[in-house]
Amino acid sequence: MSESNDEPFQLAAEAAAAIAGQTGVESHDIALVLGSGWGEAAELIGETTHTLDAATIPGFHSSAVVGHTGTIRSILTPAGQRVLVLGARTHFYEGRGVRAVVHGVRTAAAAGCSTLVLTNGCGGLNEAWAPGTPVLISDHLNLTATSPLEGATFVDLTDLYSARLRAIAREVDPELDEGVYAQFTGPHYETPAEVQYARRIGADLVGMSTALEAIAARHAGMEVFGVSLVTNLAAGISPVPLSHAEVIEAGQAAGPRISKLLAEIVGRI
Ligand code: 8IG
């Protein structure tokens with residue numbers, strides 16, 4: 001690896017050191033990224049022992065999006081696992097570059113996390129998924145035309161979204177469906193034609209996150225679990241236009257169910 005390609009990993013190591021310094025927790029086990037609608041979903045996982053302002057950790061920026069919190073929390077589960085909760089996701093559409101998008105994931109890896117739980121709010125292509133339905137991510141389509149990996153970094157993405165962890169999730173809730181998540185760049189939602197295109201190439205879910213982070217996590221050797229909250233039917237599937245208010249509302253309505261789901265899954269990892 002060349003020196004410049006090393007920079008993101010050095011910054012992640014600095015961030016991990018700052019987290020260890022501020023929390024006194026030397027190593028974390030599981031990282032959890034909270035997406036739209038998932039803001040409150042970490043409450044049942046365990047006891048929050050530390051809440052950090054993300055802006056004080058190297059490489060993190062506070063988020064400007066309503067529904068995304070700018071904190072990093074350390075949670076101790078009843079089973080004794082340390083969970084690092086990243087409430088401050090950087091999206092590709094913010095224009096800070098792909099390194100910034102995956103900095104949280106690389107920091108989590110540097111902080112010792114061997115498992116990454118990625119959550120998001122997204123549009124659904126299956127009409128059976130009412131707003132507020134959680135769906136497991138089985139695979140992804142990276143439609144961002146970029147990668148978090150630089151240079152000749154050839155990484156296998158077969159079974160990127162752990163079949164083992166999906167099976168655990170279905171033990172918790174056998175009703176859970178799964179689907180292929182397509183990451184668009186955003187920040188606009190898709191046109192109805194783009195949603196049809198996504199459908200034809202195999203997507204079930206459309207969103208603006210997750211795929212780039214999952215790739216960086218696999219590169220870092222983490223086991224990845226992804227779960228989407230369908231907060232709206234994708235454009236053209238639904239007869240009504242999309243609104244951010246609808247997204248927030250669906251997240252709030254689904255809150256209790258997804259909080260319990262997440263806590264039970266994390267408890268079994
Ligand atoms: I929440 O319908 C949410 N995020 N691309 N499309 C895309 N991202 C989303 C959507 C959606 N809903």
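Predicted, not measured: the structure shown is a model, and the values here were computed from it. The first residue in the sequence is number 1, and the count goes up from there. Atoms within each ligand, like the ligands themselves, are counted from 1 in listed order. Heavy-atom basis, side chains included; hydrogens, waters and symmetry copies ignored.
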Review point. Which value, rounded to the nearest 0.5 Å, describes the distance between I137 atom CD1 and L118 atom CG?
Key: 7.0 Å
Check your understanding: Looking at atom 4 (N) of ligand 1, what's its closest protein heavy atom, distance included?
Key -> G121 O, 3.5 Å
**Study point:** Atoms in ligand 1 with a heavy atom of C122 nearer than 4.0 Å
**Key:** 1 (I), 3 (C), 4 (N), 10 (C), 12 (N)
Point to revise | Proximity of T231 to ligand 1 by residue part, where a heavy atom lies under 4.0 Å | key: side chain
Review point. Does a side-chain N-to-carboxylate-O contact under 4.0 Å join R257 and D173?
Key: yes
Point to revise | Distance (rounded to the nearest 0.5 Å) between L76 CG and T23 OG1 | key: 11.5 Å
Review point. If hydrogens are left out, which of Y93, F184, Y189 has an atom nearest to atom 10 (C) of ligand 1, that is, the closest non-hydrogen atom?
Key: Y189
Check your understanding: Using 4.0 Å as the upper bound for N to carboxylate O, is an ion pair formed by R73 and E43?
Key -> yes
Review point. Are any of the N/O atoms in E190 less than 3.5 Å from those in ligand 1?
Key: yes
Practice item. Output yes when R99 and E150 qualify as a salt bridge under the 4.0 Å nitrogen-oxygen rule, no when they do not. Key: yes
Point to revise | Shortest protein heavy-atom distance from atom 2 (O) of ligand 1, along with the residue and atom involved | key: N232 ND2, 2.9 Å
Practice item. Report yes or no: does G186 have a heavy atom closer than 4.0 Å to ligand 1? Key: no
Review point. Got a salt bridge between R218 and E223, using NZ or NE/NH1/NH2 to carboxylate O under 4.0 Å?
Key: no
Check your understanding: Quick one: which ligand 1 atoms are inside 4.0 Å of a heavy atom on M208?
Key -> 5 (N), 7 (C), 8 (N)
Point to revise | Shortest protein contact, atom 8 (N) of ligand 1 (heavy atom only) | key: G207 CA, 3.3 Å
Review point. So, S162 side chain and R164 main chain: donor-acceptor pair closer than 3.5 Å or not?
Key: yes
